[in-house]
Structure formats: C-alpha cells, structure tokens
K.L.:
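Dumping the structure here so I can ask a few things about it.
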Amino acid sequence: MSNVYPGYPYPPPSGPFPATTSTQHYPSQPPVTTMDGRRKQKQVWICGHSYVFWAEKRALERSFGPQLGIPLEDAELHWIGKSGMTWDQLTPTLLHKRQRLSDPDILVVHLGGNDLGTADNLDIINRMKKDLGHLKQIFRNSTLVWSNIVPRKVWNQEVPHKLMERSRRRVNKEIGFFVKGIGGSVIRHDSLVPESPGLFHLNGVLLSESGTDVFNLDLMSVLETLV
C-alpha cells in the first residue's frame with residue numbers, strides 16, 4: 001500500500017488496532033431528537049496541533065475512517081488540525097471555521113504541548129482557562145472536551161525534560177478539572193507514554209502509526225459516549 005500523503009512520517013498501516021484506554025471514564029449521554037422524533041445529528045469539531053492533523057490522515061487509512069466509526073446520522077466530525085499550532089491560535093481558528101460550519105455540539109481541544117516551557121505555568125494555565133471559558137460562552141450549547149497533553153520523548157524547548165513533564169502534568173490536572181467544572185469531559189490518553197515501545201516516532205515528538213491509532217481510539221471511545 002503506497003503512502004498517499006506526502007510528508008506523512010509513518011509507513012502504511014498494518015496489523016490490528018491497539019486497545020484504547022479511556023472507555024471507563026465517560027458515562028453515555030441520552031440521544032437528542034428533533035421535533036419529529038428523529039435523532040439529531042451532532043456536529044463535532046476536533047481542533048489541535050500536528051497530532052490532530054496526522055490523526056485525520058491516519059483515520060482515512062483505517063477501516064473506521066475520518067468519522068472514527070461513528071455513523072454520519074449520529075454525528076459529523078470536522079478535523080481542524082494544524083502542524084505547529086499554539087494556544088493563541090485556538091480562538092481565531094475556531095471563529096474562522098464558524099463562518100462556514102454549524103456551531104459544534106462537541107468541541108475537542110488537543111493543544112498546549114507546543115506552549116509548555118515558553119512561559120510560566122501559571123500564565124499558561126490562566127490563559128487557557130480564560131480562553132476556554134470564553135469559548136464556552138461563544139459556543140453556549142457545546143460540550144467542551146479537553147484532550148490531555150501527551151508526554152514526549154523530546155521537547156523542543158530548552159528546558160530540562162523533568163521540568164517539562166512536571167509542567168505537562170500540572171496543566172492537564174488544572175485544565176481537566178476546569179473543563180469538568182463547566183460540564184465538559186477529559187480524554188486521558190493513559191497508554192500514550194514514552195515507555196510503551198513503538199508508540200512514538202523516531203523524532204520523539206510525533207506519535208508513530210500505532211501511537212496515532214491509540215490516539216484516535218481514545219477519541220473514539222469518548223465521542224461514542226457523547227453523541
């Protein structure tokens with residue numbers, strides 16, 4: 001099978017899907033119906049940096065496809081991924097997408113990893129909370145989903161690895177608690193750790209093909225409970 005995406009850093013997919021790790025954390029939501037009793041199709045936006053960008057490409061090559069196995073009559077998924085994306089691009093990106101897309105019923109945010117080490121942890125956390133609260137006001141009927149920042153073998157910032165990991169854990173804890181407090185959910189990505197063999201690309205930053213499968217399956221397991 002040839003690689004149809006130039007620049008895609010992984011070989012073509014093969015083998016079974018890895019196990020997902022997030023199912024137990026999320027209660028199912030009752031279906032929403034229209035006036036005539038039909039189930040309402042939900043709009044799902046998945047926004048983030050290169051992990052999201054490559055996750056969409058990877059999903060296209062897998063049997064579950066870019067809908068992550070979710071029937072189109074239940075939900076329509078929109079992938080908003082940009083390599084190198086930083087936190088300050090989140091709100092402008094979403095407002096731009098709003099010009100041509102219906103408002104999301106579910107908004108998944110996987111962002112912040114490229115911001116760690118560029119400012120004080122408290123400044124980053126406060127900025128994230130402010131922006132997520134603002135987005136909740138803009139998309140009033142949306143459920144926010146925080147996708148945890150995944151650990152990396154290598155961080156681009158000139159900060160000791162131990163300090164970067166400490167920052168990552170603190171941000172995930174604070175933002176996860178905040179998002180749950182405004183009615184949202186958290187995707188933990190518990191099995192995406194550098195110690196697990198074969199889940200990271202050789203550059204130590206991106207996920208491998210198997211790691212990207214785990215990332216997508218973690219997304220899938222949560223979205224299935226929300227749609």
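Here the structure is a predicted model, which means the values were calculated and not measured.
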K.L.:
Taking Gln41 for the side chain and Leu72 for the main chain, is one N or O donor matched with an acceptor at less than 3.5 Å?
P.N.:
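Yes, because the side chain of Gln41 sits within donor-acceptor range (under 3.5 Å) of the backbone of Leu72.
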K.L.:
Tell me the closest heavy-atom pair linking Leu77 and Ile70, and the distance in Å.
P.N.:
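Heavy atoms only, the tightest pair is CD1-CD1, 4.3 Å.
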K.L.:
Thr91: what forms a side-chain hydrogen bond (donor to acceptor under 3.5 Å, both in side chains) with it, not counting sequence neighbours?
P.N.:
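Scan of Thr91 (side-chain hydrogen bond (donor to acceptor under 3.5 Å, both in side chains), adjacent residues dropped) gives none.
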K.L.:
Is the backbone of Pro66 close enough, under 3.5 Å, to the side chain of Glu56 for a donor and an acceptor to pair up by distance?
P.N.:
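Looks like no, no N/O pair under 3.5 Å.
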K.L.:
Are Val179 and Phe177 connected in the hydrophobic side-chain network, where two residues link if heavy atoms are under 4.5 Å apart?
P.N.:
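Unlinked, Val179 and Phe177 end up in two clusters.
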K.L.:
Could you give the distance from CD1 (Ile125) to CE (Met128), rounded to the nearest 0.5 Å?
P.N.:
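Those atoms lie 8.0 Å apart.
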K.L.:
Take Leu68 and Leu219, measure what side chain to side chain contact (heavy atoms under 4.5 Å, CB included) needs, and give me the verdict at the end.
P.N.:
CA-CA 8 Å; Leu68 296 180; Leu219 291 180; 3.9 Å; yes
K.L.:
Minimum heavy-atom separation for Pro92 and Asp88, please, with both atom names.
P.N.:
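Closest approach of Pro92 to Asp88, heavy atoms only: CD-O, 3.4 Å.
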K.L.:
Step by step, work out the side chain to side chain contact (heavy atoms under 4.5 Å, CB included) result for Ser142 and Asp105.
P.N.:
CA-CA 4 Å; Ser142 298; Asp105 298 286; 5.8 Å; no
K.L.:
Which heavy atom of Arg188 sits nearest a heavy atom of Asp190, and at what distance?
P.N.:
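Looking at all heavy atoms of both residues, the closest pair is NE-OD2, 3.0 Å.
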K.L.:
Taking the side chain as every heavy atom from C-beta outward, state whether Val145 and Ile106 have any pair of such atoms under 4.5 Å apart.
P.N.:
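Answer yes - side chains close enough.
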K.L.:
Examine distances only and state if a side-chain atom of Asn148 and a backbone atom of Val150 form a donor-acceptor pair shorter than 3.5 Å.
P.N.:
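The answer is no, because no donor-acceptor pair under 3.5 Å joins these two groups.
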K.L.:
Backbone N or O of Gly211 within a donor-acceptor pair of the Ser208 side chain at under 3.5 Å?
P.N.:
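Side chain of Ser208 to backbone of Gly211, a donor-acceptor pair under 3.5 Å: yes, one is there.
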K.L.:
Roughly how far, to the nearest 0.5 Å, is the CG atom of Asn172 from the CG atom of Leu116?
P.N.:
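Rounded to the nearest 0.5 Å, the CG-CG separation comes to 8.5 Å.
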K.L.:
Are Leu163 and Ile124 connected into the same hydrophobic cluster when the rule is that any two of I, L, V, M, F, W, Y join if their side-chain heavy atoms are below 4.5 Å apart?
P.N.:
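Yes: a chain of side-chain contacts under 4.5 Å links Ile124 to Leu163.
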K.L.:
Does a side-chain heavy-atom distance below 4.5 Å link Leu101 with Glu76?
P.N.:
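A side-chain contact under 4.5 Å is absent here.
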K.L.:
Looking at every heavy atom in both Ala55 and Trp79, which two are closest together, and how far apart are they?
P.N.:
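Where Ala55 meets Trp79 most closely, the heavy atoms are CB-CZ3, 3.7 Å.
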K.L.:
Compare all side-chain heavy atoms of Leu199 with those of Val214 and state whether any distance is below 4.5 angstrom.
P.N.:
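Yes, at least one pair of side-chain atoms sits under 4.5 Å.
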K.L.:
Is the NZ or CZ atom of Lys180 both under 6.0 Å from the centre of the six-membered ring of Phe178 and within 45° of that ring's axis?
P.N.:
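The answer is no; the distance or angle limit is not met.
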K.L.:
Dump the intermediate steps for side chain to side chain contact (heavy atoms under 4.5 Å, CB included) on Arg62 and Asn216, then the final yes or no.
P.N.:
CA-CA 10 Å; Arg62 283 306 210 180; Asn216 275 337; over 6 Å; no
K.L.:
Decide side chain to side chain contact (heavy atoms under 4.5 Å, CB included) for Leu107 and Val44; before the verdict, give the C-alpha distance in whole Å, the side-chain angles of both, and the deciding distance to 0.1 Å.
P.N.:
CA-CA 6 Å; Leu107 173 59; Val44 180; over 6 Å; no
K.L.:
Testing Asp131, Thr118, Asp115, Asn114 one by one against Trp87 for a side chain to side chain donor-acceptor pair (under 3.5 Å), which residue passes?
P.N.:
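Between Trp87 and the candidates, side chain to side chain donor-acceptor pair (under 3.5 Å) is satisfied uniquely by Asp131.
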K.L.:
Specify the closest pair of heavy atoms between Trp54 and Ser83, including all atoms of both residues, with the distance to one decimal.
P.N.:
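For Trp54 and Ser83, the tightest heavy-atom pair comes out as NE1-OG, 4.4 Å.
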K.L.:
Using the rule that two of Ile, Leu, Val, Met, Phe, Trp, Tyr join whenever any of their side-chain heavy atoms come within less than 4.5 Å, decide whether Val193 and Ile149 are in one cluster.
P.N.:
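Shared cluster, no.
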K.L.:
To the nearest 0.5 Å, what is the distance between CG (Asn141) and NZ (Lys42)?
P.N.:
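Result: 11.0 Å between the selected atoms.
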K.L.:
Once you round to the nearest 0.5 Å, how far does CD1 of Ile138 lie from NZ of Lys136?
P.N.:
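Between atom CD1 of Ile138 and atom NZ of Lys136 there are 12.0 Å.
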K.L.:
Which residue is it: Arg169, Arg127, Lys129? I am looking for the one with a salt bridge (Lys or Arg N to Asp or Glu O under 4.0 Å) to Glu174.
P.N.:
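The option that passes is Lys129.
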K.L.:
Mind jotting down which residue pairs meet the ring pair (Phe, Tyr, Trp, His ring centres under 6.0 Å) criterion with at least one end in residues 131-154? Sequence neighbours excluded, please.
P.N.:
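Only Trp45-Phe139 qualify under ring pair (Phe, Tyr, Trp, His ring centres under 6.0 Å).
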K.L.:
Enumerate the ring pair (Phe, Tyr, Trp, His ring centres under 6.0 Å) contacts for residues 92-113, please, sequence neighbours excluded, ordered by first and then second residue.
P.N.:
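As it turns out, the ring pair (Phe, Tyr, Trp, His ring centres under 6.0 Å) pairs with a partner in residues 92-113, which skip direct neighbours, are His49-His110, Tyr51-His110, His110-His189, His110-Phe215.
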K.L.:
Check Gln43 against Ser102 and note the closest heavy-atom contact, atom names and distance.
P.N.:
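Here Gln43 and Ser102 meet closest at CG-CB, 4.1 Å.
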K.L.:
Quick check: does any side chain N or O of Glu61 sit under 3.5 Å from a backbone N or O of Arg58, one acting as donor and the other as acceptor?
P.N.:
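No, Glu61 side chain to Arg58 backbone: no donor-acceptor pair under 3.5 Å.
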K.L.:
Answer yes or no: is there an ion pair linking Glu165 with Arg168, defined by an N-O contact shorter than 4.0 Å?
P.N.:
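Between Arg168 and Glu165 there is a salt bridge, with a charged N closer than 4.0 Å to a carboxylate O.
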K.L.:
How far does OG of Ser147 sit from CD1 of Ile175, to the nearest 0.5 angstrom?
P.N.:
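Answer rounded to 0.5 Å: 13.0 Å.
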K.L.:
Using a 3.5 Å distance criterion without hydrogens, assess whether the side chain of Lys40 forms a donor-acceptor pair with backbone atoms of Asp74.
P.N.:
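No, Lys40 side chain to Asp74 backbone: no donor-acceptor pair under 3.5 Å.
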K.L.:
Between Glu209 and Thr212, do the side chains contain an N or O donor and an N or O acceptor separated by less than 3.5 Å?
P.N.:
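There is no such pair (donor and acceptor under 3.5 Å, judged by atom type) between the side chains of Glu209 and Thr212.
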K.L.:
Checking the side chain of His78 only, and the main-chain atoms of Cys47 only, is there a donor and an acceptor separated by less than 3.5 Å?
P.N.:
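Checked: no pair found.
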K.L.:
Return the CD to CG distance between Gln137 and Leu132, rounded to the nearest 0.5 Å.
P.N.:
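Result: 12.0 Å between the selected atoms.
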K.L.:
Around atom NZ of Lys82, are there more than 12 heavy atoms of other residues, nucleotides or ligands at under 6.0 Å?
P.N.:
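No - once you tally the heavy atoms of other residues, nucleotides and ligands closer than 6.0 Å, there are 12 at most.
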